[in-house]
Number of protein chains: 2
Amino acid sequence: MTANVTDPRLQRRQAKVAQILAEAWVLARRDGLAAVSLRELADAVGLRQPSLYVYFASKRDLYDAMFADGYRALLDYTRTRDYSGDPRQALTRFLSDLVQFCGDDLVRYQLLFQRTIPGFEPSERSFALAVEFYELGREVVGTAGGRSQDDVDVFTALVAGLAEQQTANDPGGRRWVRHSGRVVDMFLADVDRRRQATAIQEDCHEHDHRR
Amino acid sequence: MTANVTDPRLQRRQAKVAQILAEAWVLARRDGLAAVSLRELADAVGLRQPSLYVYFASKRDLYDAMFADGYRALLDYTRTRDYSGDPRQALTRFLSDLVQFCGDDLVRYQLLFQRTIPGFEPSERSFALAVEFYELGREVVGTAGGRSQDDVDVFTALVAGLAEQQTANDPGGRRWVRHSGRVVDMFLADVDRRRQATAIQEDCHEHDHRR
DNA sequence: GTCTATATTCGGATAGAC
DNA sequence: GTCTATCCGAATATAGAC
């Protein structure tokens with residue numbers, strides 16, 4: 001490892017990569033994710049098309065970098081937010097934030113959460129960021145009472161549903177975002193009801209044993 | 001209108017269109033929706049590529065026909081099912097059927113419910129089928145008690161969420177389908193609770209007036 | 001690292017004969 | 001309706017000079 005964090009060459013390179021990624025998002029938003037062209041992307045950052053290959057080995061690599069970039073943005077965003085305090089309110093904020101984040105950028109949502117590019121799969125390294133986010137979500141859900149895998153699966157579906165409807169039918173708006181509180185209430189009431197049902201069942205079993 | 005339903009020329013043409021559509025779905029499932037190539041499609045149905053233009057004026061037209069085809073399949077499917085009887089059970093069946101239908105064919109789900117092809121929008125004629133299905137869903141939800149637009153919006157999000165997770169993370173499986181009953185219970189319990197909350201509020205208002 | 005030049009392949013669409 | 005032939009454009013990727 002001769003490379004250093006303050007190596008000016010490395011810094012310039014990373015800055016260029018960041019610039020390319022930023023422009024890639026702009027083009028993706030305009031034309032769709034699959035329609036991003038390396039020629040136009042190169043133009044937009046003041047390079048000739050073959051020079052992009054200095055920074056990305058292939059177009060797949062570019063998508064992978066965008067995937068990682070999107071999840072880093074999401075993780076950074078969640079870090080600026082506070083999901084401690086009352087678990088129900090925290091979960092509502094988490095859901096609302098997430099749906100808003102998705103609704104604010106359709107193509108980012110598509111790349112991060114849908115299979116919209118045929119054949120694209122993130123690298124292990126990039127996918128680790130997705131897992132990191134998933135674990136964060138699992139924690140917030142767990143603190144509020146959703147502890148089983150079924151609970152988590154149902155909650156992910158609630159997130160996906162609001163996000164999907166928000167991005168597809170009211171991009172940039174709040175038509176589905178604003179149901180976050182209602183959906184969390186609905187979810188937690190159900191979790192409670194199930195916990196009680198299970199407790200009663202166990203209670204009956206205990207009675208059986210005592211007989 | 002000289003054309004007749006039994007016109008053999010028209011029948012042959014419609015049969016060919018159906019054959020082309022069927023093969024288009026096969027290719028879309030294999031390579032992704034956006035990657036369907038007219039050359040390969042023509043090969044698959046025993047035609048040369050330019051001859052496809054006899055049946056479809058453009059590629060966009062082909063997508064539009066696939067869109068209509070998918071919604072017709074969905075409407076036909078729902079017609080074979082019974083959504084009368086106990087409203088809660090009917091709604092559960094409806095949700096479960098729908099999620100299964102989506103999970104069984106990722107690309108069909110993408111074309112019918114997501115914005116996966118940049119720039120594609122269905123024609124008015126095809127979109128009418130989507131509206132027809134939406135109205136059917138609204139009816140099933142309404143019979144079970146979800147009458148406001150908010151109720152319908154929330155329910156569509158529940159459908160979208162289960163379908164999205166099912167298709168993306170367990171295609172062909174049942175990991176999210178099997179939560180349909182739980183999700184409907186959750187939803188209807190919430191609708192009930194809200195109705196009661198509103199009733200109590202109105203009650204209070206009445207008391208106010210009587211004071 | 002950036003360039004020019006180019007390879008290679010493929011895409012959708014049209015013209016016009018039969 | 002189907003064909004051959006072709007247009008035209010665009011795509012990703014590579015070779016090699018500077």
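Just so we're clear, the structure is a prediction, and the values are computed from it rather than from any experiment. Computation of the quantities below employed the complete heavy-atom set of this structure, encompassing side-chain atoms and omitting hydrogens, waters and symmetry-equivalent molecules. Just so it is clear: chains get the letters A, B, ... in the order the sequence lines come, proteins before strands, and each one is counted from 1.
- Checking A/Glu40 against A/Pro50, the closest nucleotide of DNA chain D that is more toward the 5' end is the one next to A/Glu40.
- Between the CG atom of A/Asp31 and the P atom of D/dA11 there is a distance of 10 Å, rounded to whole Å.
- As judged by a 4.0 angstrom heavy-atom cut-off over every strand, A/Ser51 is placed among the base-contacting residues.
- With D/dA13, C/dG1, C/dG12 as the choices, the nucleotide that has an atom nearest any side-chain atom of A/Val54 turns out to be C/dG1.
- Phosphate proximity of D/dA10 to A/Arg39: absent, as no side-chain N or O sits under 4.0 Å from OP1 or OP2.
- At least one side-chain heavy atom of A/Val26 sits under 4.5 Å from a side-chain heavy atom of A/Glu23.
- B/Asp69 and B/Trp25 are linked by a side-chain donor-acceptor pair at a separation below 3.5 angstrom, with hydrogens and angles left out of the test.
- Looking at A/Tyr109 and A/Glu164, their side chains come closer than 4.5 Å, going by heavy atoms from C-beta outward.
- A/Leu62 has its CG atom 14 Å from the P atom of D/dA11, to the nearest Å.
- Look at CG on A/Leu41: it is 14 Å from P on C/dT2, rounded to the nearest Å.
- Residue B/Arg13 has a polar side-chain atom (N or O) positioned under 4.0 Å from OP1 or OP2 of D/dG1.
- Contact annotation: B/Tyr55 does not reach the phosphate of D/dG1 (side-chain N/O to OP1 or OP2, under 4.0 Å).
- Rounded to whole Å, the distance from CD on B/Gln19 to P on D/dT2 is 11 Å.
- Atoms CZ (B/Arg60) and C1' (C/dA13) sit 16 Å apart, rounded to a whole Å.
- Residue pairs satisfying the side chain to side chain donor-acceptor pair (under 3.5 Å) criterion with at least one member in residues 34-58 of chain A, sequence neighbours excluded, are listed as follows: A/Arg30-A/Glu40.
- Across the interface with DNA chain D, nearest-nucleotide mapping of B/Gly46 and A/Val36 shows B/Gly46 to be the residue nearer the 5′ end.
- As rounded to whole Å, 11 Å separates atom P of C/dT4 from atom CG of A/Asp43.
- One atom, CG of A/Leu27, and another, P of D/dT12, lie 11 Å apart when rounded to the nearest Å.
- Here A/Asp185 pairs with A/Arg88 in a salt bridge; the nearest charged N to carboxylate O distance falls below 4.0 Å.
- Distance from the side chain of A/Tyr53 is smallest to D/dA13 among C/dC3, D/dA13, C/dG12.
- In this structure, CD of B/Gln49 is placed 12 Å from P of D/dT4, rounded to the nearest angstrom.
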